[in-house]
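Data block below; observations after.
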Amino acid sequence: MIKFFHTVRNLKNYFKKRVFYFLNNIPSNIFFNTFLRKSKSNNGIIITLHRTLSVEEQGSAFNNFIEISASRLEEMIINLKKLQVKFVPLKELNYNLDKITRSPNPIAHISFDDGYYDNYTCAFKIFKKHNVCFSIFITSDYISNKLPFLWWYMLEYIIKNEIPVTFEKYNYSITKELYKANSKNKIFELSRDFMLNNIDNDNDYFEKKLLNYIPLSDSNIIPKMLGWKQINEMIDSGLCEIGIHTKSHPRFKNLTSEEKMMQIKHCKNEIFINTGIDSKYFAYPYGSKADIGSIDDLEQVMKNCGVNLAFTTVPGELNSKASKILMPRICLNDMATMYTLKTRLNGNYQRGINIK
């Protein structure tokens with residue numbers, strides 16, 4: 001009986017793998033003509049990325065979900081072209097949302113958040129090579145800053161090296177006993193949630209506390225951020241647009257309407273001073289529904305700040321019903337495959353497939 005169940009399980013896994021292989025390798029023209037037409041409401045996708053890593057760079061232990069290798073980024077662009085996607089800038093994306101008729105080809109836009117230096121050294125080369133437009137939503141406090149407060153990478157260094165930390169003010173500690181009893185991934189998740197829930201109300205305290213545990217001589221701990229020189233060079237190429245990602249990257253759920261407008265306007269003004277561009281596009285920090293919080297004041301906030309489109313990290317279809325102040329975006333990293341792109345484009349992305 002046991003042998004029988006093992007045989008059934010092996011057959012099940014075999015067929016899963018064969019179905020996954022077929023879906024991931026089906027010719028793009030067959031897919032486009034057959035499956036894509038079934039979802040007439042879907043007009044395309046907006047992709048959000050963060051960091052792009054070169055061949056020489058090693059990925060993060062706990063922040064790898066916001067990292068994509070240069071090779072996978074290029075592969076993704078090539079595969080999207082195979083799917084007959086039309087890459088559009090943000091201005092055209094805004095125009096397409098106002099159109100009544102559906103585009104004959106699915107449209108796509110690739111965006112980056114925060115403003116990491118590797119957007120210039122790695123990603124920009126790929127976009128130039130394939131002549132594809134893209135955007136970068138920058139956090140203005142990070143730009144041209146040798147020590148930006150990227151607390152998620154500081155936290156990774158602390159946990160990776162099993163450094164005990166105590167936040168006395170909040171009665172929260174990462175102890176030697178905690179390291180012994182839990183996986184580092186679990187500790188990172190718990191500590192990340194703790195930071196997210198408290199940091200916006202006490203930013204200076206957390207910055208000072210974390211910097212005590214970071215050797216500033218090690219330049220690999222905190223990723224380097226863009227400078228205005230690199231930003232202007234990318235803008236001058238005609239391929240890159242710069243968007244607003246706030247002044248200091250707070251969760252909107254923790255802010256008043258006035259604080260939201262201050263964060264947007266400060267970043268918007270910095271972009272104008274340093275590039276001459278009056279950006280009308282905004283991306284929410286973190287970007288999930290839980291991070292954004294109440295939406296009651298968002299329409300007025302965006303209107304007062306001169307924002308035409310505001311982007312979340314909530315996955316969804318891009319169509320005429322998409323809210324301009326809550327635009328969907330799909331987060332991709334090195335786990336993205338041809339199958340991921342196909343199913344995202346036709347609105348039928350399946351999270352349940354588990355290939356072992």
Inset, instruction - Would you indicate whether the side-chain heavy atoms of D113 and Y286 approach each other to under 4.5 Å? - result: no
Inset, instruction - Evaluate whether atom CG of N201 has more than 12 neighbouring non-hydrogen atoms of other residues, nucleotides or ligands under 6.0 angstrom away. - result: yes
Legend entry - Plane angle bin for Y170 and Y205 - parallel if under 30°, tilted between 30 and 60°, otherwise perpendicular: tilted
Inset, instruction - Starting from the C-alpha separation in whole Å, work towards a yes-or-no answer on side-chain contact (heavy atoms from CB on, under 4.5 Å) for K324 and N308. - result: CA-CA 7 Å; K324 288 192 173 186; N308 290 342; over 6 Å; no
Inset, instruction - Indicate yes or no: at least one non-hydrogen side-chain atom of M225 is less than 4.5 angstrom from one of Y116. - result: yes
Inset, instruction - For side-chain hydrogen bond (donor to acceptor under 3.5 Å, both in side chains), just list the numbers for Y172 and S191, CA-CA rounded to whole Å, side-chain angles, deciding distance to a tenth of an Å, and then say yes or no. - result: CA-CA 9 Å; Y172 182 86; S191 301; 3.0 Å; yes
Legend entry - From CG (D204) to CZ (F149), nearest 0.5 Å: 9.0 Å
Inset, instruction - State, yes or no, whether a side-chain contact exists between N274 and I143 at a heavy-atom distance under 4.5 Å. - result: no
Inset, instruction - Find out if a path of hydrophobic residues (ILVMFWY) with successive side-chain heavy-atom gaps under 4.5 Å connects M262 to I325. - result: no
Inset, instruction - Kindly assign one of parallel, tilted or perpendicular to the pair F134 and F124, based on the angle between their ring planes and the thresholds 30° and 60°. - result: tilted
Legend entry - Centroid separation F206 to F167 less than 6.0 Å: yes
Inset, instruction - Determine, step by step, whether T52 and F112 satisfy the side-chain contact (heavy atoms from CB on, under 4.5 Å) criterion, reporting the C-alpha distance in whole Å, the side-chain angles of both residues, the deciding distance to 0.1 Å, and the verdict. - result: CA-CA 10 Å; T52 308; F112 292 84; 3.4 Å; yes
Inset, instruction - Determine whether V165 and L150 fall in the same hydrophobic cluster, where Ile, Leu, Val, Met, Phe, Trp and Tyr are linked whenever their side-chain heavy atoms lie under 4.5 Å apart. - result: yes
Legend entry - Pairs involving residues 221-240, ordered by first then second residue, that meet side chain to side chain donor-acceptor pair (under 3.5 Å) (sequence neighbours left out): Y120-E233
Legend entry - Considering all heavy atoms, the nearest R192-L155 contact: N-CD2, 3.7 Å
Legend entry - Atom pair CG (L53) and CG (L73), whose distance is rounded to the nearest 0.5 Å: 10.5 Å
Side chains of residues 292-301: which donor-acceptor pairs under 3.5 Å do they make with residues two or more places apart or in other chains?
unit_1: S294; atom_1: OG; unit_2: D296; atom_2: N; d: 3.3
unit_1: S294; atom_1: OG; unit_2: D296; atom_2: OD2; d: 3.4
unit_1: D297; atom_1: OD1; unit_2: K260; atom_2: NZ; d: 3.1
unit_1: D297; atom_1: OD2; unit_2: S257; atom_2: OG; d: 2.5
unit_1: D297; atom_1: OD2; unit_2: K260; atom_2: NZ; d: 3.2
unit_1: Q300; atom_1: NE2; unit_2: N304; atom_2: OD1; d: 2.9

Inset, instruction - Would you mind listing every ring-ring contact (aromatic ring centres under 6.0 Å, His included) that reaches into residues 306-329, with sequence neighbours excluded? - result: F137-F311
Inset, instruction - Tell me whether the centres of the aromatic rings in Y284 and F282 are closer together than 6.0 Å. - result: yes
Inset, instruction - Measure the CZ-CD1 distance between F272 and I277 for me, rounded to the nearest 0.5 Å. - result: 10.0 Å
Inset, instruction - Dump the intermediate steps for side-chain contact (heavy atoms from CB on, under 4.5 Å) on L318 and I107, then the final yes or no. - result: CA-CA 9 Å; L318 180 62; I107 61 177; 4.0 Å; yes
Legend entry - Ion pair check, K280 and D278, cut-off under 4.0 Å: yes
Legend entry - Gap separating the CD atom of E75 from the NZ atom of K82, nearest 0.5 angstrom: 8.5 Å
Legend entry - Beyond-backbone contact of T139 with P285, side-chain heavy atoms, under 4.5 angstrom: no
Inset, instruction - Provide the full list of ring-ring contact (aromatic ring centres under 6.0 Å, His included) pairs with a residue in residues 61-87, sequence neighbours left out, each pair given once. - result: F62-F188
Inset, instruction - Check the angle between the aromatic planes of H249 and W152 and answer parallel, tilted or perpendicular using the 30° and 60° thresholds. - result: tilted
Legend entry - Connected via hydrophobic side-chain network under 4.5 Å: L332 and I78: no
Legend entry - side chain to side chain donor-acceptor pair (under 3.5 Å) pairs, two or more places apart, involving residues 123-132: E74-K129, E74-H130
Legend entry - Distance in Å, I235 CD1 paired with S135 OG, rounded so as to fall on 0.5 Å steps: 11.5 Å
Inset, instruction - Return the minimal non-hydrogen interatomic distance between P106 and G44, and the atom names on each side. - result: CB-CA, 4.3 Å
Legend entry - Verdict with supporting geometry, I136 and M234, side-chain contact (heavy atoms from CB on, under 4.5 Å): CA-CA 10 Å; I136 303 176; M234 289 188 286; 3.6 Å; yes
Legend entry - Under 3.5 Å: donor-acceptor pair, side chain of N333, backbone of I66: no
Legend entry - For P328 against P315, the heavy-atom pair lying closest together: CB-C, 4.2 Å
Legend entry - Under 3.5 Å: donor-acceptor pair, side chain of K184, backbone of K160: yes
Legend entry - Main-chain N/O of L147 paired with N145 side-chain donor or acceptor, under 3.5 Å: yes
Legend entry - Salt bridge present between R251 and D200 (N-O < 4.0 angstrom): no
Inset, instruction - Taking all non-hydrogen atoms of both residues into account, name the closest pair between A290 and K253 and its distance. - result: O-CD, 3.1 Å
Legend entry - Side-chain touch L80/I77, heavy atoms, less than 4.5 angstrom: no
Inset, instruction - List the steps and the verdict of side-chain hydrogen bond (donor to acceptor under 3.5 Å, both in side chains) for S248 and D141. - result: CA-CA 6 Å; S248 59; D141 278 0; 4.7 Å; no
Legend entry - Side-chain touch R329/V314, heavy atoms, less than 4.5 angstrom: no
Inset, instruction - Answer yes or no: does atom CD of Q58 have more than 12 heavy-atom neighbours from other residues, nucleotides or ligands under 6.0 Å? - result: no
Legend entry - Test item: I330 and I46 side chains (from C-beta on) under 4.5 Å apart, heavy atoms: no
Inset, instruction - Work out which heavy atom in P164 is nearest to a heavy atom in Y179; give both atom names and the distance. - result: N-CE1, 4.1 Å
Inset, instruction - Write out all pairs satisfying salt bridge (charged side-chain N to carboxylate O under 4.0 Å, His left out) with one or both partners inside residues 47-57, taking only residues at least two apart or from two chains. - result: R51-E57, R51-E67, R51-D118
Legend entry - Polar side-chain atom of N119 near backbone of H50 as donor-acceptor pair, under 3.5 Å: yes
Inset, instruction - Please test S71 against S69 for side-chain hydrogen bond (donor to acceptor under 3.5 Å, both in side chains), starting from the C-alpha separation and ending with a verdict. - result: CA-CA 5 Å; S71 59; S69 63; 3.3 Å; yes
Legend entry - Donor-acceptor contact below 3.5 Å, side chain T313 vs main chain G287: yes
Inset, instruction - State the NZ-SG distance between K247 and C267, to the nearest 0.5 angstrom. - result: 10.5 Å
Legend entry - Exercise: identify the closest heavy-atom pair between W151 and I199: CD1-CD1, 3.4 Å
Inset, instruction - Answer yes or no: is there an ion pair linking K169 with D202, defined by an N-O contact shorter than 4.0 Å? - result: yes
Legend entry - S60 side chain near E156 side chain, heavy-atom distance below 4.5 Å: yes
